[in-house]
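Model, not experiment: these values are computed from the prediction. Each chain gets a letter, A, B and so on, in the order the sequences are listed, and its residues count up from 1.
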Amino acid sequence: MRGLASILFMFCSSALVAGGIQLALQGVKQSGMGGTGISNPLDASAIYFNPGALSFTQKNSLNLNAFMLLPKFQFREEGTNKLYKMSSGITIPFAGYWSWNTNPKQHWKIGLGVYTPFGTNIDWGTTWAGRYVATNSKLNVYYIQPTFSYNIGNRVGIGAGFVYSRSSMEQGRALPLASSSEADGQMDLASKANGYGFNAGLLVHVTPKLDIGASYKSAIQYKGKNGTVNYTVPDALTDSFSNAAVNNNLQLPWSVDLGITYRPEPRLALSIDVNYVGWSAYKNVVTDFAQPNSLLPAQRLPTDLNNAATIRLGGSYDIDSTFTIRAGTYLDLAALPDGTVSPLAPDANRFAITLGGTMHSGDRFELDLSFTYLESVSRTESQANNYAGLGGTYKGKAIAIGLALNFNIGKRPKSTTPETLSEP
Amino acid sequence: MKYCFFILLLVLASCNKDLLDTEPIDRGVLPLSPYVAIGGSETAGFADGALHLQAQQYSYPALIAQQLQQVGGGRFTQPLTIDSGGFVLVDGQLNSRLKLGYKFDCKGTEMITPVRGEITANTLASYTSSSESGPYGNWGLPFLKVAQIQEQNLSASNNFYYRMGADTTTLLAAISNRNPKVFTIWLGMEDILDNAINQAPEMAPINFYNYLVPLLDSLTQDTSAAGFIATLPDVTAFPFFNTIPYNALVLDQTMADALNQTHAGTGMTFEAGNNAMVITDPTAPGGKRQILPTEKLMLSLPLDSLKCGNWGAQVPVSARYVLDVQELEFIRYQVENYNFFIKDLATNKGLNVVDINALYQRLDLGFNINGQVFNNTMIYGGFFSLDGINPSYRGAALIANEFIKVMNASYRANIPLVSVAQQPGIVIP
């Protein structure tokens, strides 16, 4: 399997633009099951999915996930019938979790998660027809989350974690100011910022066959004071467009997650999750031009997003003691209303099917694989209605391949289901 | 490992296929060839104050022809100038096109302004000949007035006609000889502009109508031909008439006092700050008055005379550089009436109206195409070339698209539009 890993990682990859910029890639087991995981304590990745479920996980473990993304976007300009492709850069979202307690019999557990819940990496190039709206956009966000979880009588688990986050963002667009070489002007924004938030969850073990989970992931506000804006403009205009510092206030949305897991038999788990994401809280306030500039009007990114839901279905089946298979699907609804879709966030309703599997190697080690095929419904913006006058049709597809290594440090017999279920 | 191989195949398969299809393009029931364009400066590819190669290559008829070719249209020829500088006669002198460049003004301040390029041997060659031979599809002639269409010796009154090699015939005959299946007409602009800028005698709307009739009669003899005729915009909104502000006279208290003395008894008052410029007006006391905020100064007004010659201050600006209230009213009235007759003729002769006027009206508020705002401003407004009258290449693309939209709507065609953002922009040094 090591051979496979190296082959896979050789392939180009880029951001999976889900929910506009939300990545649904925080655990390989979960991503194989349509991203469900709110009510299913699978491993230390519960730190992200539901801190309340962490105390139900069996062993002290280290869970390392990496994903390779192959997104594809295309745009057909309204009226002209011309096609433009987004080129993919390389990003490999990762998620690492570590969980620990002094003794497996304890009702508490602590953990630490480092993961990337949001991200985008879009490059349309500098010659395409929409370059005055956007040439490129990159958002890297990672969260560090120390977590405490406790379960009351193996029935009710509660947990919460503090989130420290760092974001870095780059955005560029061409300016309709041709220089002597007939090349356009260019404006590039870059900023980095820190933010804080929390992640809290609850898991109720209703019956041996039924778990219900809920979690709340807070919005995170970033105040970037050290952003920069760089202009490349014709020589005659350098005085009008001087490079400057900008403030960039980014706010990433909250999410309310609910999940139900049902186990008709111990080897089979079926989950349904709903994520309700508060995109209306999403803010990306960048002053387009640092100083008032009469030559070109500023372009404001639309901020009137709708809250949007994602509905996930997934299941797992233990074939034998060494192999588990997973499958799932999800529907992710668009957050951007008509008229606000841009090449920075070619948002649309998305549909995905997922497959996954886990190989258990004794007590100590698990290897997870997942495969996600995601397709966005083609979305058309009219030139007359679009905020930037960019009319056309967007269509996206993505493939995500996940690989996780899970090292168990505890002394318990191997199982991926909660403790109570292994005692029929 | 078979499973892994399967994943790899999926990954590879997803890498190359297009996600979106292009829409089927279709000529519908539009006859395509030959396409002939008739009109004035905008049609000819006169921009940046000259007829020049690039403006011809990106003229709206050339762009329409290029899109028609995608659905099976034929070759479209234009009387291209020999080199990129092109040519124009300014006060009897040969000149090449305007480009933005650096120039020292009378006060020794370096400024960025449209400047004429070098005159070369090719400037003269362009004046007498073309690098492309006929029979031409583009019969747009810079400064073409409707009365000239049937003029016997057109080369004598329009120095752009000789180089088209048709000076033995009238323009009407030359056009009719092409037997166009598709034709676009945008006439009347030069009659309005010549009257507004050069104080040429006006062409009465009914005479405009009468001059168009024989042309349309000839073109519609072939009943299968498809004709498109453009409405005229309100030229007084062009940057040529709106770039120099009415109150460009900036004074300090001393200068204001001096002016108040100079113009004492005329009712004019001046104060420190921005003041309305002084213009000649025979009906005003002393034959001069201050310009009204609604009146317009032309871009032809020599800036050095303003800056160093006391024009607009001690020296009233000549009325030839001014559009006063009556003139503005008259121009708008003329445009309205020309448009009435254009629509009337279109109905009578079975032509399709292309509402270019509506496109220009949208410039008043400005509109966003692919992230670029187009409006009536010089240079940064994107729509007008450096002469402030004729369209830029992107302006020409917007005009071409208006024609194509009507072709699509009226002839069940699906001819792709021109990508506005992919036309060259205005070069800034």
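- Between the side chains of A:R131 and B:Q422, a donor-acceptor pair is found at a separation under 3.5 Å.
- With respect to A:K85 and B:D18, a salt bridge is recorded, a charged nitrogen being found less than 4.0 Å from a carboxylate O.
- Using a 4.5 Å cut-off between heavy atoms, B:Y102 contacts chain A through its side chain alone, with no backbone atom that close.
- In this structure, A:R76 contributes its side chain and B:L20 its backbone to no donor-acceptor pair below 3.5 Å.
- Environment of NZ in A:K395: crowded, with over 12 heavy atoms of neighbouring residues, nucleotides or ligands closer than 6.0 Å.
- With A:Q383 as the partner, the side-chain contact (heavy atoms from CB on, under 4.5 Å) test is satisfied by one option alone out of B:L417, B:V420, B:I369: B:I369.
- Contact record, A:N81 with B:P416: CB-CB, 4.3 Å, taken as the closest heavy-atom pair.
- With values rounded to the nearest 0.5 angstrom, A:Y84 atom OH is found 4.0 Å from B:S419 atom OG.
- Looking only at heavy-atom pairs under 4.5 Å with chain B, the residue among A:S378, A:G396, A:A384, A:P176 that has the most is A:P176.
- Contacts of A:E77 with chain B are made by side-chain atoms alone, with heavy-atom separations under 4.5 Å and no backbone atom involved.
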Handout entry: Working for side-chain contact (heavy atoms from CB on, under 4.5 Å), residues B:N368 and A:Y387
Key = CA-CA 8 Å; B:N368 206 336; A:Y387 82 102; over 6 Å; no
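- Across A:A129 and B:N370, no two heavy atoms sit closer than the pair O-ND2, 2.9 Å.
- Contact tally against chain B (heavy-atom pairs below 4.5 Å) for A:T393, A:T127, A:T80, A:L83: the top residue is A:T80.
- The environment of B:E118 atom CD is sparse: at most 12 non-hydrogen atoms of other residues, nucleotides or ligands sit within 6.0 angstrom.
- For A:R173 against B:G371, the heavy-atom pair with the smallest separation is NH1-O, 4.4 Å.
- Formation of a donor-acceptor pair under 3.5 Å by the A:D235 side chain with backbone atoms of B:P429 is not found in this model.
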Identify every side-chain donor-acceptor pair in residues 383-390 of chain B under 3.5 Å, counting partners at least two apart or on other chains, and give the distances.
{"residue": "B:S385", "atom": "OG", "partner": "B:D48", "partner atom": "N", "Å": "3.0"}
{"residue": "B:S385", "atom": "OG", "partner": "B:D387", "partner atom": "OD1", "Å": "3.1"}
{"residue": "B:S385", "atom": "OG", "partner": "B:N390", "partner atom": "O", "Å": "2.9"}
{"residue": "B:D387", "atom": "OD1", "partner": "B:I389", "partner atom": "N", "Å": "2.9"}
{"residue": "B:D387", "atom": "OD1", "partner": "B:N390", "partner atom": "N", "Å": "2.8"}
{"residue": "B:D387", "atom": "OD2", "partner": "B:D48", "partner atom": "N", "Å": "3.3"}
{"residue": "B:D387", "atom": "OD2", "partner": "B:G49", "partner atom": "N", "Å": "3.0"}
{"residue": "B:D387", "atom": "OD2", "partner": "B:N390", "partner atom": "ND2", "Å": "3.0"}

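- Between the side chain of A:Q74 and the backbone N or O of B:L19, at least one donor-acceptor pair lies under 3.5 Å.
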